[in-house]
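In what follows, a structure is listed as structure tokens, so that the remarks can point back to it.
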Number of protein chains: 2
Amino acid sequence: MRDLIEYRAEILKALGQPTRLKIIDFLRDGERCVCEIFPAIAEEQSNTSRHLNMMLSAGVLSRRKDGLKIYYAIKHPEILEVMDIVTRIVKQDITGRHRLLKAA
Amino acid sequence: MRDLIEYRAEILKALGQPTRLKIIDFLRDGERCVCEIFPAIAEEQSNTSRHLNMMLSAGVLSRRKDGLKIYYAIKHPEILEVMDIVTRIVKQDITGRHRLLKAA
DNA sequence: AGACTATATGAGTATATAGTCATTCACTTG
DNA sequence: CAAGTGAATGACTATATACTCATATAGTCT
């Protein structure tokens with residue numbers, strides 16, 4: 001049970017970085033190869049590759065080879081649920097801050 | 001909209017660390033003061049304080065003063081939903097790995 | 001085999017993070 | 001106001017992270 005915490009942390013950490021979030025957002029509609037991903041998020045190929053690998057070993061993404069290309073996809077649909085919930089929290093908090101700013 | 005990503009990443013990063021996960025787990029039943037939290041998770045008071053502050057500014061926790069004591073609580077119930085989903089993913093993945101190990 | 005394309009990796013750098021120990025700050029109460 | 005308690009912070013260390021540039025690897029096609 002000790003590792004459950006580590007494992008959960010690994011997944012959440014994998015999601016908690018802007019470049020990786022951009023990747024997740026881009027993969028929302030389905031699998032994509034690296035050659036599509038790195039231009040879409042405007043990052044270097046090598047940097048993108050490292051982030052993809054990191055998310056793969058965290059259990060967030062899956063990988064499929066097809067000839068020269070390697071396709072990554074979001075491994076669990078629940079990941080998208082998580083993202084949606086977090087987006088909801090953020091939006092709530094932002095409107096909350098506006099309210100505070102107006103009050104000040 | 002640029003900041004939405006940063007904000008989401010901040011929240012997820014705040015959740016993606018074992019010590020902080022222990023805190024979240026401990027706060028599941030409601031607010032607790034620092035003096036209850038750090039013994040419960042077996043971490044130093046100062047380290048605990050830093051993590052609490054970090055999660056506070058990430059928008060994950062809320063804080064309430066009462067005399068000498070400071071009570072922290074999970075700010076959004078959705079955070080717990082996120083934790084539940086991630087736990088589900090982990091358990092799925094672990095049974096998946098067992099299957100793989102047995103097959104090997 | 002040789003040229004080509006897609007992805008991964010080595011090496012390096014700059015910055016961030018988690019943690020510790022000692023101290024300070026904030027508040028309460030005698 | 002002095003003593004005491006609970007929480008935050010300064011200073012430091014060790015490690016991890018994100019990123020870049022250059023190179024290596026793996027697969028394809030002629």
Side-chain angles (χ1 to χ4, degrees), chain A residues 2-3 5-27 31-75, chain B residues 2-3 5-27 31-75:
Chain A
R2 186 78 276 292
D3 318 76
I5 285 212
E6 309 284 340
Y7 203 155
R8 281 193 288 160
E10 204 182 344
I11 290 178
L12 288 161
K13 185 166 66 179
L15 301 176
Q17 203 275 344
T19 304
R20 291 194 289 270
L21 272 191
K22 283 191 258 171
I23 294 174
I24 297 284
D25 284 348
F26 183 63
L27 292 178
E31 66 170 14
R32 300 281 180 191
C33 67
V34 182
C35 59
E36 293 171 299
I37 297 171
F38 81 83
I41 64 170
E43 289 288 335
E44 288 231 339
Q45 179 268 320
S46 66
N47 192 29
T48 304
S49 175
R50 286 182 215 278
H51 282 299
L52 289 167
N53 244 291
M54 190 272 206
M55 289 193 278
L56 179 71
S57 52
V60 165
L61 299 183
S62 61
R63 174 157 71 168
R64 180 177 74 84
K65 280 192 192 187
D66 184 11
L68 264 186
K69 298 188 180 178
I70 299 204
Y71 290 85
Y72 285 89
I74 293 172
K75 188 172 175 190
Chain B
R2 186 79 276 293
D3 317 76
I5 286 213
E6 309 284 341
Y7 203 155
R8 281 194 289 160
E10 204 182 344
I11 289 177
L12 288 160
K13 186 167 66 179
L15 300 175
Q17 203 275 346
T19 304
R20 291 195 289 270
L21 271 190
K22 283 191 254 168
I23 293 175
I24 297 284
D25 285 347
F26 183 63
L27 292 179
E31 65 169 15
R32 300 282 181 191
C33 67
V34 181
C35 58
E36 293 171 300
I37 297 171
F38 80 83
I41 65 171
E43 289 288 336
E44 288 230 340
Q45 180 266 321
S46 67
N47 192 29
T48 305
S49 175
R50 284 184 216 279
H51 282 299
L52 288 168
N53 244 292
M54 191 273 206
M55 289 193 277
L56 179 72
S57 53
V60 166
L61 300 182
S62 61
R63 174 156 72 169
R64 180 177 74 83
K65 281 192 192 188
D66 184 11
L68 264 185
K69 300 189 179 174
I70 299 206
Y71 290 85
Y72 284 90
I74 293 171
K75 188 172 174 189

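Only heavy atoms go into these numbers, but all of them, side chains included; no hydrogens, no water, no symmetry mates.
Looking at residues two or more places apart in sequence or on another chain, you find a side chain to side chain contact (heavy atoms under 4.5 Å, CB included) between B:Ser62 and B:Ala73, B:Lys75. With sequence neighbours left out, the side chain to side chain contact (heavy atoms under 4.5 Å, CB included) criterion links A:Arg63 to A:Asn53, A:Leu56, A:Ile70, A:Tyr72. A search for salt bridge (Lys or Arg N to Asp or Glu O under 4.0 Å) contacts involving A:Glu43 returns A:Lys22, not counting sequence neighbours. Under the salt bridge (Lys or Arg N to Asp or Glu O under 4.0 Å) criterion, B:Glu31 pairs with B:Arg64, not counting sequence neighbours. In this structure, A:Arg50 has no salt bridge (Lys or Arg N to Asp or Glu O under 4.0 Å) partners at least two apart in sequence or on a different chain. With sequence neighbours left out, A:Glu44 forms a salt bridge (Lys or Arg N to Asp or Glu O under 4.0 Å) with no residue at all.
Closest approach of B:Tyr7 and B:Ala58 over heavy atoms only: CE2-O, 3.7 Å. Residues B:Glu36 and B:Tyr71 share a closest heavy-atom pair of OE1-CE2, 4.3 Å. Considering every non-hydrogen atom in both B:Phe26 and B:Arg32, the closest pair reads CE2-CG, 3.6 Å.
Considering only heavy atoms from C-beta on, A:Ile37 comes within 4.5 Å of A:Leu27 through its side chain. In this structure, the side chains of A:Leu61 and A:Ile74 come closer than 4.5 Å at one or more pairs of heavy atoms.
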Result block: side-chain N/O donor-acceptor pairs under 3.5 angstrom for residues 11-21 of chain A, not counting sequence neighbours:
| residue | atom | partner | partner atom | Å |
| --- | --- | --- | --- | --- |
| A:Gln17 | OE1 | A:Thr19 | N | 2.9 |
| A:Gln17 | OE1 | A:Arg20 | N | 3.1 |
| A:Arg20 | NE | A:Ala14 | O | 2.8 |
| A:Arg20 | NH1 | A:His51 | ND1 | 3.1 |
| A:Arg20 | NH2 | A:Lys13 | O | 3.2 |

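Where DNA chain C meets chain A (any atom under 4.0 Å from a heavy atom), the bounding nucleotides read 5' to 3' are C:dT5 to C:dA11.
Heavy-atom distances to DNA chain D give each of B:Leu52 and A:Gly16 a nearest nucleotide, and the one nearer the 5′ end belongs to B:Leu52.
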Report all interatomic pairs (protein N or O, nucleotide N or O of nucleotides 20-24 of chain D) with separations under 3.5 Å.
| residue | atom | partner | partner atom | Å |
| --- | --- | --- | --- | --- |
| D:dT20 | O4 | A:Arg50 | NE | 3.3 |
| D:dT20 | O4 | A:Arg50 | NH2 | 3.0 |
| D:dC21 | OP2 | A:Glu44 | OE2 | 2.7 |
| D:dC21 | N4 | A:Ser46 | OG | 3.1 |

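Atom-to-atom distance recorded for B:Leu52:CG and B:Ile23:CD1 is 4.5 Å, nearest 0.5 angstrom. Here the CD-CZ distance, from B:Glu10 to B:Arg8, works out to 13.0 Å after rounding to the nearest 0.5 Å.
At the phosphate of D:dT17, neither OP1 nor OP2 sits under 4.0 Å from any side-chain N or O atom of A:His51. Checking the phosphate oxygens (OP1, OP2) of D:dC19, a side-chain nitrogen or oxygen of A:Thr19 falls inside 4.0 Å.
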How does DNA chain D read in dot-bracket, base by base from 5' to 3', with Watson-Crick or G-U pairs under 3.5 Å and | used when the partner is on another strand?
||||||||||||||||||||||||||||||
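Interface residues of residues 68-75 of chain A facing DNA chain D, ordered by number: A:Leu68; criterion, heavy-atom separation under 4.0 Å. Contacts with DNA chain C (heavy atom under 4.0 Å) in residues 53-64 of chain B: none are found.
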